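Step one of this worksheet: look at the structure below.
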Amino acid sequence: MGSLEEKVKLPSLDDWKELAKVQMKGRSVDDLVSQNGEGILVKPLYTENDIEGISFRDSLPGLPPYIRGTQATMYAGRPWTIRQYAGFSTAEASNAFYKKTLAGGGQGISVAFDLATHRGYDSDHPRVSGDVGKAGVAIDTVEDMKILFDQIPLDKISVSMTMNGAVLPILAGYIVAAEEQGVSRTDLSGTIQNDILKEFMVRNTYIYPPGPSMRIIGDIITYCSMEMPRFNTISISGYHMQEAGADAALELAYTLADGKEYIRTALKAGLGIDDFAPRLSFFWGIGMNFYMEIAKMRAARMLWHDIVDEFKPINPKSGILRTHCQTSGWSLTEQDPYNNVVRTTIEAMAAVFGGTQSLHTNALDEAIALPSEFAARIARNTQLILQEETSITDVVDPWGGSYMMESLTDQIASKALDLMEEIEAAGGMAKAIETGLPKLRIEEAAAKKQARIDRGEEVIVGVNKYTTTEQDEVDVLEIDNEQVRESQINRIKEIKAKRNQEALDGVLDDISNCAKSGTGNLLELTIEAMRLRATVGEVSDAMESVFGRYKAQTQTVTGVYGDAYQDDQGWMEIKTAIERFIEAEGRRPRMLVCKMGQDGHDRGAKVVATAFADVGFDVDLSPMFSTPEEVAKQAVENDVHIVGVSSLAGSHKSLVPQLITELKILDAKEVIVIVGGVIPKKDYQELFDYGVKCIFGPGTPIPKAAGEVLDIIADIHSF
């Protein structure tokens, strides 16, 4: 008998092209080639020709350059860790949630802190009245930290903490809470995000300028390398870049460039590469571009191995890229919210096929509010089903050897290398951030993506295609912000009344002196301060008195969104209407786009500002972290027709009414207030009753919003 190869005559690529041409009625197969947001061409068919010259195509898992996984057996030996990113209201409420999550199959805790904590403010600070407990848990002292982890054995449960700005008091508070639970710091396992560079690019929950912030990172890496051998000292995050609009190539390049900058910082602090590199970890966002997300993670491991290799490590673990992933929050939609279960499942599968070490799956209602217990359980069970019911874990890197996947991995790696070279030419990521280059690149990508969505070129089911007038009602979790703040303030007063103030003042002075002199370790001193019951705000203030508080320069891109609409009739009609408005009033319609409170997610605000300016509005942007009083004052000084409030952190019911009150105080009742962002439908009427004229939920096409805003202004001003 002959071999199977002898019996089967395989067709050629030319045979396929001829067949495809017939089926396409004479059109070329080249018409099926598409280009994604990364600028990478995706073909309908891949063959062995597409992987010619790719050196890594025969790589193996667990071996350099780790394209096929960090471990030889990957999930066949041990599945990824299931994490639940959560934190809301008080430490008591979050603690109860964590216990239920762990009992229901969760394997680690991932803590979300409220925005006041992120920005180094205590809950009693006047600037954070609308933020306490809203988008995470409020933590002011070690006592809050002890309640947060009450009856959770910190020597057995891995804890991940998303914290960058107030990283010193939060990490120190965790260490002291464990200590008072009877757990040595040497037994603590988990990760502190501690990635400040991405804050200056996208997330914006920074406190100090870049230079001092990098000093803090160096102190943390130094201390933990010596004292906390099981703890990851930094999680270098691309997730927030993707949420801000970065495509996969930008996310990959800038995250790895950040990692290289952190290596240089640790080496400058006197550490050797093998002292800290094995405990660096990464954090990727996983969106709906399924194939590209898998390729991104495979390419990331290869590129990181090459980056670390430049620093001559001896320990092979130094060059291994370990990662946590989170499914996209931005891809979740308010419309047809149960579709989000499907989106999250697909994104989770991409993370798993990409080889993540741990994973958080977002809940279906997070485009509307904080996740409810019902939605969080579905999100967690999504991972349990993937682990227990699908057999996905049986095979290590099932995409290895795929013509398509190996080709995409090579292409995105090449694209990322070009972007990283641009950053290196600018002097590294820290210097590039000072020029504003990475931020503008990401904002350009966000504007282009939004234009594709608004034009229907990028389909989102239930938003710009297959829409329905019947919307499912989803019960959402609501936080009583005033009650949480009152509770936190009372606890702060109680702690301050009992502590040794003289001893604490001495340590706070030591922290300021350490910040000023550059000698000593800030984390070591902060641990001492937190033992003495310092507040997060007091520790932050001790450093702010030396470092100052960073204020970003607001910039926006121009022309990117409008370029996609040059031939669009509806867009041109809005432009014509604006010209009529100018003739009637003698100036353009003017809008102030603002973010109030401590929420740093400014993707929506920036894209709206860019698009409205491109269509013909005069647009001002408020500084980040403005109060209602400051926004009202800017609106009057700039003589705007309308204030557009971008709200994502659940503080709209407190901050928007304050803004309207402040406008009335300034006798600016004619200024129109509109709101956009993540706002539950049940809150709409309350905002209308306060005087809001229009609310634009997630997924509203910007040209539609611009037309409605122009109509509102014209109607009120009788033009």
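When a residue number appears, it is its place in the shown sequence, counting from 1. Computed from a predicted structure; not experimentally measured.
Put simply, the side chain of Asp599 gets close to the backbone of His601: a donor and an acceptor are under 3.5 Å apart. Put simply, the side chain of Gln598 never gets that close to the backbone of Leu115: no donor and acceptor are under 3.5 Å apart. With hydrogens and angles disregarded, a donor-acceptor distance shorter than 3.5 Å links the side chain of Gln357 to the backbone of Thr323. Side chain of Thr661 to main chain of Pro657: a donor-acceptor pair is present (N/O by atom type, distance under 3.5 Å, no hydrogens or angles). A distance-only check finds no donor-acceptor pair linking the side chain of Ser94 to the backbone of Ala91 [under 3.5 Å]. The closest donor-acceptor contact from the side chain of Asp144 to the backbone of Val142 lies at 3.5 Å or more, if one exists at all. With hydrogens and angles disregarded, no donor-acceptor distance shorter than 3.5 Å links the side chain of Asn194 to the backbone of Asn164. No donor-acceptor pair closer than 3.5 Å links the side chain of Gln242 to the backbone N or O of Glu251. Between the side chain of Gln326 and the main chain of Thr361, no donor-acceptor pair closer than 3.5 Å is present. Not one N or O on the side chain of Ser129 forms a donor-acceptor pair closer than 3.5 Å with the backbone of His125.
Residues Glu347 and Ser331 have side chains in contact (heavy-atom distance under 4.5 Å, counting atoms from C-beta outward). Residues Met163 and Phe113 are in side-chain contact: their nearest non-hydrogen atoms beyond the backbone lie under 4.5 Å apart. The shortest side-chain heavy-atom distance between Met596 and Val645 falls under the 4.5 Å cut-off. Residues Val352 and Gln387 have side chains not in contact (no heavy-atom distance under 4.5 Å, counting atoms from C-beta outward). In this structure the side chain of Phe625 never reaches within 4.5 angstrom of the side chain of Lys595, judged on heavy atoms. Put simply, the side chain of Leu687 reaches to within 4.5 Å of the side chain of His652, judged on heavy atoms.
Among Ile192, Val137, Ile139, the one residue that satisfies the side chain to side chain contact (heavy atoms under 4.5 Å, CB included) test with Val111 is Val137.
Under the 4.0 Å criterion applied to side-chain N and carboxylate O atoms, Arg533 and Glu528 are not assigned as salt-bridge partners. Between Lys134 and Glu482, no side-chain nitrogen of the basic residue sits less than 4.0 Å from a carboxylate oxygen of the acidic one, so the salt-bridge criterion is not met. The pair Arg603-Glu243 does not meet the salt-bridge criterion, since no charged nitrogen lies less than 4.0 angstrom from a carboxylate oxygen. Salt bridge status for Lys633 with Glu662: absent, with no side-chain N to carboxylate O gap under 4.0 Å.
Among residue pairs with one or both ends in residues 102-127, those qualifying as salt bridge (charged side-chain N to carboxylate O under 4.0 Å, His left out) are Arg127-Glu630; sequence neighbours excluded. Residue pairs satisfying the salt bridge (charged side-chain N to carboxylate O under 4.0 Å, His left out) criterion with at least one member in residues 223-237, sequence neighbours excluded, are listed as follows: Arg185-Glu227. Within the structure, the side-chain hydrogen bond (donor to acceptor under 3.5 Å, both in side chains) test picks out the following pairs touching residues 148-159 (sequence neighbours left out): Arg83-Ser158. Residue pairs satisfying the salt bridge (charged side-chain N to carboxylate O under 4.0 Å, His left out) criterion with at least one member in residues 186-202, sequence neighbours excluded, are absent.
Applying the side-chain hydrogen bond (donor to acceptor under 3.5 Å, both in side chains) test to Glu494 and every residue at least two apart in sequence or in another chain returns Lys498. Partners of Lys146 under the side-chain hydrogen bond (donor to acceptor under 3.5 Å, both in side chains) rule, at least two apart in sequence or in another chain, are Glu180.
Closest heavy-atom contact between Leu655 and Pro628: O-CG, 3.7 Å. Minimum heavy-atom separation, Ser540 to Pro169: OG-CG, 4.3 Å.
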Next on the checklist: Let's go through Arg499 and Glu538 carefully: what are the C-alpha distance in whole Å and the side-chain angles of both, what is the deciding distance for salt bridge (Lys or Arg N to Asp or Glu O under 4.0 Å) to 0.1 Å, and is it a yes or a no?
Outcome noted: CA-CA 14 Å; Arg499 69 190 183 183; Glu538 287 170 331; 2.6 Å; yes
Next on the checklist: Is there a side chain to side chain contact (heavy atoms under 4.5 Å, CB included) between Val656 and Leu659? Walk through the geometry before answering.
Outcome noted: CA-CA 5 Å; Val656 173; Leu659 170 63; 5.5 Å; no
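Side-chain contact, His360 with Ser110: no donor N or O sits under 3.5 Å from an acceptor N or O. Under the 3.5 Å distance criterion, with hydrogens and angles disregarded, a donor-acceptor pair is assigned to the side chains of Thr333 and Arg343. Between the side chains of Trp80 and Ser358, not a single donor N or O lies within less than 3.5 Å of an accepting N or O.
Side-chain rings of Tyr208 and Tyr550 stay apart, their centers remaining 6.0 Å or farther from each other.
With rounding to the nearest 0.5 angstrom, the CE atom of Met543 is 9.5 Å from the OG atom of Ser213. Interatomic distance, Tyr121 OH to Asp140 CG, rounded to the nearest 0.5 Å: 14.0 Å.
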